[in-house]
Amino acid sequence: MSLATLSVFLPTFFLVSLTPGLCMTLALSLGMTVGVKRAAWMMIGELIGVGTVAVLSVIGVAGVLLQVPALFTVFKWVGGAYLVWLGIEMWRSQGSLAIPEIAQDTDQHAPAPPRGRLALQGLVTAIANPKGWAFFIALLPPFLDFDAPLAPQLALLLAMILSMETACLLLYATGGSAARRLLEQ
């Protein structure tokens with residue numbers, strides 16, 4: 001992969017990661033409600049989900065979705081239904097994007113949410129996030145040289161994407177934690 005390609009790839013995907021969306025809002029919300037350390041479990045699941053979406057978009061899901069419009073339409077409707085469900089859950093939990101049982105655990109004396117549940121929440125949020133799929137389908141393939149072996153290119157790009165995503169998730173969760181401390185004063 002050329003230096004010119006990397007010089008375009010890095011800022012593009014950093015801005016994609018930094019853009020507020022479901023995963024970043026979830027990191028912010030969990031940073032406020034359960035703290036950065038506990039939110040790290042959600043981040044692990046989210047990173048696995050982002051990696052899965054990136055790999056699937058490269059190995060053919062993007063092509064299938066674009067070549068079979070009916071399947072792409074179903075995907076859009078499922079993604080839209082997820083967003084509606086998420087909106088209803090957020091409304092029911094009074095503004096928190098966390099799973100309802102987790103959203104209720106904002107009291108300092110309440111038990112911490114289970115790690116596995118947080119990781120699953122991150123995974124599901126990343127995989128079901130239509131924004132993530134759209135960005136990977138549209139942006140990732142142009143950075144690949146399909147005449148060269150894909151595995152090393154994908155490994156390098158995935159390592160960079162996950163590093164940038166981790167930094168942004170930590171930034172949002174830390175911001176949420178700081179906002180909580182500030183608001184408690």
Side-chain angles (χ1 to χ4, degrees), residues 1-31 36-37 39-80 82-83 86 97 118-178:
M1 180 167 299
S2 72
L3 189 57
T5 302
L6 284 176
S7 69
V8 174
F9 175 82
L10 288 172
T12 300
F13 273 86
F14 182 72
L15 289 175
V16 168
S17 287
L18 194 58
T19 303
L22 294 176
C23 294
M24 294 304 154
T25 307
L26 180 60
L28 178 75
S29 175
L30 289 175
V36 177
K37 285 182 184 177
W41 290 99
M42 177 282 300
M43 294 177 206
I44 291 169
E46 193 269 344
L47 292 170
I48 292 168
V50 165
T52 301
V53 171
V55 169
L56 290 176
S57 70
V58 169
I59 63 172
V61 171
V64 170
L65 290 177
L66 295 174
Q67 291 177 0
V68 184
L71 185 58
F72 188 64
T73 301
V74 168
F75 179 75
K76 287 191 297 189
W77 280 102
V78 168
Y82 171 72
L83 290 175
L86 193 63
L97 277 178
L118 288 169
L120 180 63
Q121 182 180 15
L123 176 70
V124 169
T125 301
I127 289 178
N129 185 354
K131 176 190 149 203
W133 282 95
F135 276 119
F136 282 119
I137 288 170
L139 293 178
L140 193 54
F143 287 104
L144 296 168
D145 178 5
F146 289 96
D147 294 329
L150 285 179
Q153 293 178 75
L154 184 57
L156 175 64
L157 293 179
L158 196 55
M160 288 187 284
I161 288 168
L162 294 179
S163 296
M164 289 182 280
E165 191 77 6
T166 301
C168 292
L169 286 166
L170 285 170
L171 180 68
Y172 273 79
T174 303
S177 180

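- Annotation: side chain to side chain contact (heavy atoms under 4.5 Å, CB included) contacts of I48 (sequence neighbours excluded): I44, T52, L123.
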Apply side chain to side chain contact (heavy atoms under 4.5 Å, CB included) to Q121 and L30, showing your working.
CA-CA 11 Å; Q121 182 180 15; L30 289 175; 4.3 Å; yes
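- Under the rule for a side chain to side chain contact (heavy atoms under 4.5 Å, CB included), the partners of K131 that lie at least two apart in sequence or sit in another chain are T19, N129, F135.
- Residues L26 and Y172 have side chains not in contact (no heavy-atom distance under 4.5 Å, counting atoms from C-beta outward).
- The structure places CG of L18 at 10.5 Å from CG of L169, a figure rounded to the nearest 0.5 Å.
- Take S2 and apply the side chain to side chain contact (heavy atoms under 4.5 Å, CB included) test, not counting sequence neighbours, and it matches A4, T5.
- The CG atom of L56 lies 4.5 Å from the CH2 atom of W133; values are rounded to the nearest 0.5 Å.
- Every residue two or more places apart in sequence or in another chain that forms a ring-ring contact (aromatic ring centres under 6.0 Å, His included) with F9 is listed here: F13, F143.
- The shortest heavy-atom contact between L28 and G175 is CD1-C, 4.1 Å.
- In terms of heavy-atom proximity, V8 sits nearest to P11 at O-CD, 3.4 Å.
- Under the side chain to side chain contact (heavy atoms under 4.5 Å, CB included) criterion, V36 pairs with L170, A173, T174, S177, sequence neighbours left out.
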Can you check side chain to side chain contact (heavy atoms under 4.5 Å, CB included) on F136 and V50, steps first, answer last?
CA-CA 9 Å; F136 282 119; V50 165; 3.7 Å; yes
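- Closest non-hydrogen pair, A54 versus S57, comes out as O-OG, 2.8 Å.
- Residue C23 holds its SG atom at 9.0 Å from CG of L47, rounded to the nearest 0.5 Å.
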Sequence neighbours excluded and cut-off under 3.5 Å, please list the side-chain donor-acceptor pairs for residues 157-167, or say none.
from, atom 1, to, atom 2, distance (Å)
S163, OG, A159, O, 2.8
E165, OE1, S17, OG, 2.8
T166, OG1, L162, O, 2.7

